[in-house]
Undergrad: 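The structure follows.
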2 protein chains.
Amino acid sequence: MTDLLAQLPGYALRRAANAVMGELAPILAGHDLKIAEAAVLLLVREQANLTSSQIGKTLDIQRANMVPLLNRLESAGLIHREPIDKKSLAINLTKDGEAKICEAGAAIDTFEKNLLARVPAEHRDHLLPALNAIWR
Amino acid sequence: MTDLLAQLPGYALRRAANAVMGELAPILAGHDLKIAEAAVLLLVREQANLTSSQIGKTLDIQRANMVPLLNRLESAGLIHREPIDKKSLAINLTKDGEAKICEAGAAIDTFEKNLLARVPAEHRDHLLPALNAIWR
DNA sequence: AACACATTGCTATTGTAAATAGCATTTTTG
DNA sequence: CAAAAATGCTATTTACAATAGCAATGTGTT
């Protein structure tokens, strides 16, 4: 029908991302996490002692918006902030945070597998490198 | 560095879409259009006499949100609404609307070409079918 | 024809994510 | 040491999408 729009990579990208995030959000909501929060937890698990601004730079979240995000994770007992020097704070997972991202991570892995399964086999291995080439 | 996140297709999709829309928005803003508005104009140009709800279904925009969008396009003189029956309105481009989407469409085409050019040649032709398989 | 039901376009409101601007403190650098 | 940059934060604003409800019209069934 509207093949015109589906022939524009930009539009397809927009629709695909909306669709996928719209599916992922309720899954993570089942773990009481938002998408951006899960991304922070994954990153913090991989790399210890990151500061708020380092996380923000990596995930493309502005400093001002990191504050309420980290506040929520901290008051949920998932992370803790520890002073590095008199200016910076190291962000690390708590025990609860490790457990949380462990179970949520499993759900994400399943989700990602299902996502890739939707892509025809001949295109599947090209998706990730193509996407990463666009933004990295 | 954070290869973990870049290995998740869902995350790469999110970041790529954000990056691309973040680049497209100011280009369209130069034509006094938002992304969703440009999509409507492209659709309406391709298919005459669509109703608001048909456009909404095609572009995945809710009826309630179609109203201010179409209002803006109409008051900008780009579209006009004409009664089909006593309930429905046909949306069509005005002369100005045709001119607008003609010039904006050229900018979009250039943008899309540049977007594809970023993708390594061996992955390029797989991007669109892979994305469309995800949401269509 | 009469009825229940769905659709259309709309209003009004809410919620949420992201952007902007500014500030005090601290660190870095030239 | 002085100027500039970085850090974490507050407060505000903007943009966007979601929700609920409504009157009018159209559709389908019996």
Side-chain angles (χ1 to χ4, degrees), chain A residues 11 14-26 28-29 32-40 44 49-75 79-92 135, chain B residues 10-11 13-29 32-40 43-44 49-75 79-92 135:
Chain A
Y11 184 76
R14 180 173 139 100
R15 288 298 295 270
N18 280 350
V20 168
M21 292 308 126
E23 294 167 28
L24 179 56
L28 290 179
D32 195 27
L33 286 178
K34 294 170 189 175
I35 292 176
E37 292 169 349
V40 168
V44 166
N49 294 315
L50 288 174
T51 66
S52 171
S53 38
Q54 285 174 322
I55 297 171
K57 275 172 195 150
T58 303
L59 301 183
D60 201 28
I61 303 173
Q62 304 202 25
R63 268 173 309 142
N65 297 327
M66 285 297 301
V67 180
L69 196 161
L70 291 180
N71 283 346
R72 208 180 89 87
L73 291 178
E74 188 175 44
S75 64
I79 62 163
H80 63 104
R81 302 187 236 217
E82 194 179 356
I84 297 181
D85 49 40
K86 287 176 185 170
K87 190 169 68 160
S88 301
L89 301 173
I91 312 291
N92 283 293
W135 70 272
Chain B
Y11 183 78
L13 187 55
R14 180 174 138 101
R15 289 298 295 269
N18 279 351
V20 168
M21 293 308 124
E23 294 168 28
L24 180 56
I27 293 175
L28 290 178
D32 195 27
L33 286 178
K34 294 169 190 177
I35 292 177
E37 292 168 349
V40 168
L43 177 59
V44 166
N49 294 314
L50 288 175
T51 66
S52 170
S53 37
Q54 286 174 321
I55 297 172
K57 275 172 195 151
T58 303
L59 300 183
D60 201 31
I61 303 173
Q62 305 203 24
R63 283 198 315 278
N65 297 327
M66 285 297 301
V67 180
L69 196 160
L70 292 180
N71 282 347
R72 208 180 90 87
L73 291 179
E74 189 175 43
S75 65
I79 62 164
H80 62 104
R81 301 188 238 218
E82 193 180 356
I84 297 180
D85 50 38
K86 287 176 185 171
K87 192 169 68 160
S88 300
L89 301 172
I91 312 291
N92 283 293
W135 69 272

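Each chain gets a letter, A, B and so on, in the order the sequences are listed, and its residues count up from 1.
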Undergrad: Assign L89(A) to base, sugar-phosphate, or nothing according to its heavy-atom contacts below 4.0 angstrom with the strands shown.
TA: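 Contact class for L89(A): sugar-phosphate only.
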Undergrad: With nearest nucleotides of DNA chain C determined for N65(B) and R63(A) from heavy-atom distances, which residue corresponds to the more 5′ nucleotide?
TA: N65(B)
Undergrad: Rounded to the nearest 0.5 Å, what separates atom CG in L89(A) from atom CG in L70(A)?
TA: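 The CG atom of L89(A) sits 9.5 Å away from the CG atom of L70(A).
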Undergrad: To the nearest Å, give me how far apart CD (Q54(A)) and P (dT7(D)) are.
TA: 7 Å
Undergrad: On a plain distance test, is the side chain of K87(A) in donor-acceptor contact with the base of dT25(C) below 3.5 Å?
TA: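 Checked by distance alone, the answer is no.
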Undergrad: For E37(B) and dA17(D), give me the distance from atom CD to atom P, rounded to whole Å.
TA: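 So the CD-P distance, E37(B) to dA17(D), works out to 11 Å.
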Undergrad: Between D85(A) (CG) and dA6(D) (P), how many Å, whole number?
TA: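 So the CG-P distance, D85(A) to dA6(D), works out to 15 Å.
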Undergrad: Got a second to check how far I35(B)'s CD1 is from L28(B)'s CG, nearest 0.5 Å?
TA: 6.0 Å
Undergrad: For S53(B) and dT8(C), is the shortest distance between a side-chain N/O and OP1 or OP2 below 4.0 Å?
TA: yes
Undergrad: Take atom CD1 of I55(A) and atom P of dC9(D), then tell me their distance rounded to the nearest Å.
TA: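 That distance rounds to 11 Å.
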Undergrad: Check whether any side-chain heavy atom of T51(A) sits under 4.5 Å from a side-chain heavy atom of K87(A), and report yes or no.
TA: no
Undergrad: Can you tell me how far C1' of dC16(D) sits from CZ of R14(A), to the nearest Å?
TA: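 The distance from CZ of R14(A) to C1' of dC16(D) comes to 10 Å, rounded to the nearest Å.
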Undergrad: Counting C-beta onward and ignoring hydrogens, is there a side-chain heavy-atom pair between R81(A) and N71(A) closer than 4.5 Å?
TA: yes
Undergrad: Taking atom P of dA15(D) as reference, at what distance in whole Å does atom CG of L69(B) sit?
TA: 14 Å
Undergrad: Does the side chain of Q62(B) get closer than 4.0 angstrom to OP1 or OP2 of dA18(D) through an N or O atom?
TA: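 Checking Q62(B) against dA18(D): at least one side-chain N or O falls below 4.0 Å of OP1 or OP2.
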Undergrad: How is A64(B) classified with respect to the nucleic acid when contacts are heavy atoms under 4.0 Å: base, sugar-phosphate, or nothing?
TA: base
Undergrad: What integer distance in Å separates I91(B):CD1 from dT8(C):P?
TA: 13 Å
Undergrad: Is K34(A) close enough to dG15(C) that one of its side-chain N or O atoms is under 4.0 Å from OP1 or OP2 there?
TA: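 Answer no for this pair, as no side-chain N or O of K34(A) is under 4.0 Å from OP1 or OP2.
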Undergrad: How many angstroms lie between CD in Q54(A) and CE in M66(A), if you round to the nearest 0.5 Å?
TA: 10.5 Å
Undergrad: Could you pick out which residue, I61(B) or R81(A), lies toward the 5' side of DNA chain D when each is mapped onto its nearest nucleotide?
TA: R81(A)
Undergrad: Less than 4.0 angstrom between a side-chain N/O of K86(A) and OP1 or OP2 of dT25(C), yes or no?
TA: no
Undergrad: Can you find a side chain N or O atom of S52(B) that sits less than 4.0 Å from OP1 or OP2 on dT8(C)?
TA: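 No, because none of the side-chain N or O atoms of S52(B) sits under 4.0 Å from OP1 or OP2 of dT8(C).
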Undergrad: Write down the distance between CE (M21(A)) and P (dA18(C)), rounded to a whole number of angstrom.
TA: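 Atom-to-atom, M21(A) to dA18(C), this comes out as 12 Å.
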